[in-house]
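From a predicted model like this one, the values you see are computed outputs, not experimental measurements.
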Amino acid sequence: MPDILWPIKWLIELILTAFHTAFTAIGLQSNWGVTWVLSIVFLVLVVRTALIPIFVRQIKSQRNMMLVQPELAKLQKKYKGKTDRESREKFAQEQMALYKRTGSNPLSSCLPMLMQMPIFFSLFSTLQTASRGQKGVGVMSEELSKSFQESSFLGAPLKHSLSTAEGNPAVFILGITMIVLMTASQFITQKQIMAKNQNAATQTSQYMQTQKIMLYAFPLIFAVSGIAFPLGLMFYWLTSNFWTMGQQYFVIRRMPTPGSKAFEERQQRLAKKGKLTEVIEELESEAETIDIVRENSQRAQPVSKKRTKKRK
């Protein structure tokens, strides 16, 4: 079977070994755990920087999803109790049309994570190969693989996971600590979206229910799957989670969803700084956006032949 992740693995190896070479050039030992941890951390910075345009599109789509919730609720109410095939098809068509007109996507919150999964699995495969001291698909030489194979951080070999700790207490301590940090950072990131960046119309919507499921589902996934992740890979995911948490905080503070708690707090900050004009412009922009969404969502209802005859 061809390796469909080969191009990504080749690129991951190139970035990882480039940073490893740079850190050894400034005096760090090749087989030190800190050298490989720093290389993985800087790999995350490169990957997440490259994903910023996708994250921006995600934010815009999420904002649109929140603004469109009242119209979506009307649509759901319109077809409530109608279980026949024709009604289900019409509901699906009108729902997709609404998403298309408003530029929203119900899967927008998962997009950055989905984009990272091929990279994550490619790094997993790369580190697994290096753990065996074998040459990678590209620039990861056998010598570099053996260097990773011998590396340890705070006494814990980076190639090991909690499931392969072999009785090493350092692996258990570091592994459990990182799993706790991974789950906590994911929970905090999702919680701050729900607590501060959702307007009143979204609170009782189906979109909100999905967010609540994600609030507990993703941390649980990290807690369970983290047992099988090698420590080197856990450093990647932990750094990525911290990046997401900081990035989300910045976005909520600077570009909050209209009508949310964060939006009101930003208005107050701007008012205190004397930027009342900017506050008014944001309010006008919010009202204009909502009006456009509602106007586009109100579709003309077809008039039946019987009703036409009655009018005549």
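- Checked by atom type and distance alone, the side chain of S145 pairs as donor or acceptor with a backbone atom of Q134 at under 3.5 Å.
- At a threshold of 4.5 Å between non-hydrogen side-chain atoms, the residues I119 and L123 do not count as touching.
- The shortest distance between side-chain heavy atoms of V34 and Q29 does not fall below 4.5 Å.
- Atom CD1 in I26 sits 8.0 Å away from atom CG in L38 (nearest 0.5 Å).
- Remark: the backbone N or O of S30 is paired with a side-chain donor or acceptor of S147 at under 3.5 angstrom.
- Listed by chain and number, the residues in a side chain to side chain contact (heavy atoms under 4.5 Å, CB included) with W10 are W6, L14, V137 (sequence neighbours excluded).
- For F235 and F229, the ring centers sit 6.0 Å or farther from each other.
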Checklist entry - Where do T244 and R48 land on the side-chain hydrogen bond (donor to acceptor under 3.5 Å, both in side chains) test, with the steps shown first? => result CA-CA 9 Å; T244 302; R48 293 310 302 265; 2.7 Å; yes

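- Listed here is the closest heavy atom pair of S163 and A228: OG-CA, 4.0 Å.
- F120 is listed as a side-chain neighbour of L233, based on a closest heavy-atom distance under 4.5 Å.
- Checked by atom type and distance alone, the side chain of T129 pairs as donor or acceptor with a backbone atom of S125 at under 3.5 Å.
- The shortest non-hydrogen separation linking V46 to I15 is CG1-CD1, 4.1 Å.
- Looking at L5 and F121, their side chains come closer than 4.5 Å, going by heavy atoms from C-beta outward.
- Put simply, CG on L231 and CE on M178 are 6.5 Å apart, with the number rounded to the nearest 0.5 Å.
- If you chain together hydrophobic residues whose side chains sit under 4.5 Å apart, I188 and M234 fall into the same group.
- The side-chain heavy atoms of W32 and S151, taken from C-beta on, include no pair separated by under 4.5 Å.
- When the shell of 6.0 Å around CZ of F242 is examined, it contains more than 12 heavy atoms from other residues, nucleotides or ligands.
- Note that CD1 of I40 and CG of L127 are 5.5 Å apart. Values are rounded to the nearest 0.5 Å.
- Contact of the I227 side chain with the S161 side chain is not registered, since no non-hydrogen atoms from C-beta on lie closer than 4.5 Å.
- Side-chain atoms of N31 do not come within 3.5 Å of backbone N or O of E150 as any donor-acceptor pair.
- In terms of heavy-atom proximity, V171 sits nearest to A165 at CG1-CB, 3.7 Å.
- Side-chain atoms of S152 do not come within 3.5 Å of backbone N or O of G33 as any donor-acceptor pair.
- Two different hydrophobic clusters hold F187 and Y249 under the rule that ILVMFWY side chains link at heavy-atom gaps under 4.5 Å.
- With rounding to the nearest 0.5 Å, the separation of OG1 in T239 from CG in L181 is 10.5 Å.
- Between the W243 side chain and the T49 main chain, no donor and acceptor come within less than 3.5 Å of each other.
- In this structure S39 satisfies the side chain to side chain contact (heavy atoms under 4.5 Å, CB included) test together with L16, F19, H20, F23, sequence neighbours excluded.
- For E143, the side chain to side chain contact (heavy atoms under 4.5 Å, CB included) criterion is met by S141, not counting sequence neighbours.
- Applying the ring-ring contact (aromatic ring centres under 6.0 Å, His included) test to Y236 and every residue at least two apart in sequence or in another chain returns nothing.
- Across every non-hydrogen atom of E13 and G138, the tightest pair is OE1-N, 2.8 Å.
- Shown here for G175 and L162, the closest heavy-atom pair between the two residues is CA-CD2, 4.1 Å.
- Annotation: side chain of M140 is in contact with side chain of T126 (closest heavy-atom distance under 4.5 Å).
- A distance of 8.5 Å separates CD1 in I8 from CG in L11, rounded to the nearest 0.5 Å.
- Scanning for salt bridge (Lys or Arg N to Asp or Glu O under 4.0 Å) contacts around K159 gives an empty result, with sequence neighbours left out.
- Here OG1 of T17 is found 10.0 Å from CG of L43. Values are rounded to the nearest 0.5 Å.
- Among pairs with a residue in residues 130-142, those fulfilling salt bridge (Lys or Arg N to Asp or Glu O under 4.0 Å) read E142-K146, at least two apart in sequence or across chains.
- By the rule that hydrophobic residues join a cluster once side-chain heavy atoms approach within less than 4.5 Å of another member, I173 and L158 end up as members of separate clusters.
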